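Structure record follows, encoded as structure tokens.
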Amino acid sequence: WLCLLATPALGLLPGARRLGMTAAPERAAVEGLRFLTPSLAREIRREYGSPTYVYSEAYLRAAAARALAFPAGDAAASLTVRFAMKACPNAAVLQVLRACGLHIDASSGFEAHRAMKAGFEPGQISISSQQLPGDIAELMAMGVKVNACSLRQLDTIGSLVPGATVGLRFNPGLGSGGTGKTNVGGPSSSFGIWHEWVDDVKSIVSQHGLVVERVHTHIGSGSDPAVWTRVAGLSLKLVEEFPTASTVNLGGGYKVGRMQDEASTDLQVVGVPVREALADFTARTGRRLHLEIEPGTYVVANAGAVLSTVQDKVSTGPEGHEFLKLDSGMTEVLRPSLYAAQHPLVVVPASADDDEARAAAPPASYVVVGHCCESGDLMTPSPEGADVVAERPMAPAQVGDLCVMEGSGAYCSSMSSKNYNSFPEAAEVMVDVNGAPHLIRRRQTLEQILENEVPYPL
């Protein structure tokens, strides 16, 4: 019931553009705030400065509740929802999701240890990693689950822990992501064991006396729901190859619309064919599987925002652009520079006295850039490419105003290029279900940036 506290409406509309996608409205001329209000944004800046990441506990709980209601769960023996913690690993976020009943998908041994420090039991953590942790034997002895993501990883695990119970991450031959950089399936991806190497897997399993308990697939972030459901069927075919397997993990990657005109995956829709496939599997084999899913972006993307300050405005003349320069940038949100990702940008007047007048004023068009000495530090790229400048309709802005970048809960703080130009790591704040802000990570100091440097004798 905790996950249902203060559940907000997240703007998901009935109907679908295609399988599993909730329809989205036409793009508004100017995007608006989600869980923040202008007064709360100003309060957070006064108290904690800018730039600052801000998260909504209510949004986190609502998203967790939707994930736990994945409809295929009633066709499976049971359902586990694992939060892909690489999306946002702050301990406060992890603790809220743990209270909601989520488990952890870790992408490194370090993440596994971090999750345990946040209160998760070892048995609630599963590792799927491109780099097998050096202490994998110790982690497994503690109860942490592991999915072998290559033949070499599987053989290494077998050599270190003969007779161990393991999971297998397969590349099912198909992939789908929001961009090519987030597609982790198919022949151009190194993630997972290629699906045609099943006989090699069986040989290694037999050689080391391993017990396969889980088959795992994950095809990308922002994946097409139609491809995702097809891969679910391919995953179940792989499960049939391993009679001891009792769990199928279908990964995550559910698309989340950050902009108002972007569609989002509807788990209640994509879960239906999965439920049917699980029921068919049980009818054919007599095996009722445990189901796991691993949402990351789905849980936290729209539960986070970056609060920045407009620190300068420049123009390149009538044939050019008007630029807003923020006190944040790729040091806080790398996604626009890396993927040409689109994030809502909302101007909040520095003074409450200006709220009504600015809201009534016609929108202005700006190119929004970050504070780094880097031409690629662009917050408003064209969807066609990260290096293509695009203007964005926004409320008129003045130096000193706040600029809130919405949709910044996933792969922002965790994937930032912090300390570039020696800018310090930003603070993080959680807004509780009653609307009160709490500091959950202090702003880094220059001394902390330098603390691991060692003097060189000259």
Side-chain angles (χ1 to χ4, degrees), residues 10-13 16-18 20-34 87 175-184 188 219-228 253-266 296-298 300-302 304-306 308 316 320-326 328-330 332-347 363-370 372 374-395 397 403-412 415-417:
L10 299 186
L12 298 182
L13 303 179
R17 291 181 172 180
R18 61 180 185 273
M21 302 299 285
T22 57
E26 294 299 318
R27 179 166 294 184
V30 176
E31 294 270 353
L33 296 173
R34 293 202 169 105
S176 177
T179 75
K181 294 179 180 179
T182 59
N183 181 334
V184 294
S188 296
I219 61 170
S221 181
S223 56
D224 185 325
V227 178
W228 189 85
Y254 314 114
K255 182 173 177 57
V256 171
R258 291 172 172 84
M259 303 293 289
Q260 288 187 22
D261 67 336
E262 292 178 343
S264 295
T265 300
D266 186 340
T297 296
Y298 183 86
V300 294
N302 286 329
V306 174
S308 307
T316 51
H321 305 282
E322 189 165 10
F323 294 83
L324 297 183
K325 294 185 177 184
L326 306 182
S328 67
M330 62 194 300
E332 286 70 42
V333 182
L334 186 59
R335 298 182 73 256
S337 300
L338 192 61
Y339 306 135
Q342 304 295 296
H343 285 260
L345 292 161
V346 184
V347 173
S365 291
Y366 298 113
V367 173
V368 183
V369 297
C372 291
E374 182 76 36
S375 60
D377 193 6
L378 175 64
M379 299 294 99
T380 56
S382 165
E384 303 304 315
D387 58 344
V388 181
V389 170
E391 293 185 349
R392 182 75 64 82
M394 299 168 64
C403 182
V404 177
M405 179 175 279
E406 293 283 4
S408 299
Y411 301 99
C412 292
M415 202 173 70
S416 67
S417 57

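Along the sequence shown, residues carry numbers from 1. Note that this is a predicted model, so its numbers are computed, not measured.
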Does the side chain of [X] reach to within under 4.5 Å of the side chain of [Y], using non-hydrogen atoms?
X: Ser417; Y: Glu374; answer: no
X: Leu338; Y: Met415; answer: yes
X: Arg34; Y: Pro344; answer: yes
X: Leu324; Y: Met394; answer: yes
X: Tyr366; Y: Arg392; answer: no
X: Val306; Y: His343; answer: no

[X] versus [Y], closest heavy-atom pair with distance:
X: Asn302; Y: Gly407; value: OD1-CA, 3.6 Å
X: Thr265; Y: Tyr254; value: OG1-C, 3.7 Å
X: Pro381; Y: Pro336; value: CG-O, 3.7 Å
X: Leu378; Y: Val367; value: CD1-CG1, 3.7 Å
X: Met405; Y: Leu345; value: CE-CD2, 3.6 Å

Test your reading of the model: is there a side-chain donor-acceptor pair from [X] to the backbone of [Y], 3.5 Å cut-off?
X: Ser264; Y: Gly257; result: yes
X: Asp377; Y: Gly329; result: no
X: Gln342; Y: Ala340; result: yes
X: Ser408; Y: Gly304; result: no
X: Thr380; Y: Glu391; result: no
X: Ser337; Y: Gly376; result: yes

So how far is it from [X] [atom1] to [Y] [atom2], rounded to the nearest 0.5 Å?
X: Thr297; Y: Tyr411; atom1: OG1; atom2: OH; answer: 5.0 Å
X: Met379; Y: Leu326; atom1: CE; atom2: CG; answer: 7.5 Å
X: Cys403; Y: Lys325; atom1: SG; atom2: NZ; answer: 15.0 Å

Please enumerate all residues that pass side chain to side chain contact (heavy atoms under 4.5 Å, CB included) together with Ala395, with sequence neighbours excluded.
Val347

Residue list, side-chain hydrogen bond (donor to acceptor under 3.5 Å, both in side chains) with Arg258, at least two apart or on another chain
none

